[in-house]
Amino acid sequence: KAGVTQTPRYLIKTRGQQVTLSCSPISGHRSVSWYQQTPGQGLQFLFEYFSETQRNKGNFPGRFSGRQFSNSRSEMNVSTLELGDSALYLCASSLTSDRLVYGYTFGSGTRLTVV
Amino acid sequence: GESVGLHLPTLSVQEGDNSIINCAYSNSASDYFIWYKQESGKGPQFIIDIRSNMDKRQGQRVTVLLNKTVKHLSLQIAATQPGDSAVYFCAETYGGSQGNLIFGKGTKLSVKP
């Protein structure tokens, strides 16, 4: 079956602009999490959604927002881009966020470069 | 805040040798740990997990050891192969759901043929 699909794969934006990244989870998966990966800070949790509801949010400024649609697809938005937002943004999906059953699969990410 | 850390940023081993990648965590409340492998251009790939009620768990060629006394986690890879070359991350979570993971900085494993 198809894996987690993130679009676009690469993106170049100018400082001050906004950007929307998309994540299509594995079919049937209802939970989606987003992470930011940078060389300096590593992998950092952004948000977690389950059935269109945000369940957890990481320690990021309000410029970072996300949402999940009824078909479980998710988007994240970053407004007023800063140079430091350049990163690989990863999405992961799972059937459930139940801690008794692990099943998160990561996509290959969207590489965002802010110039 | 508390975070997961790694002892060695790089590890170079000979093909066929065993590899050991270490990880320290500081949150005593963490009760679920995962090891991931990330190859260039790809997202993290689940390798093996362990819960805090266990000390050891084995998979195919991999073993994870958990020492809660010293808050230490290790990943052992038997008969390391060139295809094992990647960056390895440990991650922890506590309470809540599994979607909120705290990742370590990563260890780069290089396998020499």
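Reminder, nothing fancy here: chain letters follow the sequence lines and each chain counts from 1. Nothing here was measured: the structure is a model prediction, and the numbers come from that model.
- Between B:Tyr36 and A:Phe106, the distance from one ring center to the other falls under 6.0 angstrom.
- Heavy atoms of A:Arg9 lying under 4.5 Å from chain B belong exclusively to its side chain.
- For A:Tyr10, the OH atom counts as loosely surrounded, since its 6.0 Å shell holds 12 or fewer non-hydrogen atoms of other residues, nucleotides or ligands.
- Clustering ILVMFWY residues whenever any of their side-chain heavy atoms sit less than 4.5 angstrom apart, transitively, puts A:Leu46 in a cluster other than the one holding A:Tyr35.
- Between the CG atom of A:Leu43 and the CZ atom of B:Phe89 there is a distance of 5.0 Å, given to the nearest 0.5 Å.
- Environment of CG in A:Asn71: crowded, with over 12 heavy atoms of neighbouring residues, nucleotides or ligands closer than 6.0 Å.
- Between B:Asn100 atom CG and A:Arg55 atom CZ the span is 10.5 Å, to the nearest 0.5 Å.
- B:Leu65 and B:Leu109 fall into different hydrophobic clusters, where Ile, Leu, Val, Met, Phe, Trp and Tyr are joined by side-chain heavy atoms under 4.5 Å apart, directly or via other members.
- The part of B:Gln38 that comes within reach of chain A is its side chain, from C-beta onward, which places non-hydrogen atoms under 4.5 angstrom from that chain.
- Contact detail for A:Leu90 and B:Pro44: the closest heavy-atom pair is CD1-CD, 3.7 Å.
- When the shell of 6.0 Å around CZ of B:Arg61 is examined, it contains more than 12 heavy atoms from other residues, nucleotides or ligands.
- Cluster annotation: A:Val4 is not connected to A:Met76 through the hydrophobic network of ILVMFWY side chains, with a link wherever side-chain heavy atoms come within less than 4.5 Å.
- Aromatic ring centroids of A:Phe45 and B:Phe103 lie 6.0 Å or more apart.
- Heavy atoms closer than 4.5 Å to chain B are found in the side chain of A:Leu88, but not in its backbone.
- With a 4.5 Å cut-off on non-hydrogen atoms, A:Gln41 touches chain B through its backbone and its side chain both.
- There is a path of hydrophobic side-chain contacts, each under 4.5 Å, that joins B:Tyr25 to B:Ile21.
- More than 12 heavy atoms of other shown residues, nucleotides or ligands fall within 6.0 angstrom of atom CD in B:Gln14.
- Closest approach of B:Gly41 and A:Ser108 over heavy atoms only: O-CB, 4.0 Å.
- Note that OH of A:Tyr104 is 8.0 Å distant from CG of B:Leu101, once rounded to the nearest 0.5 Å.
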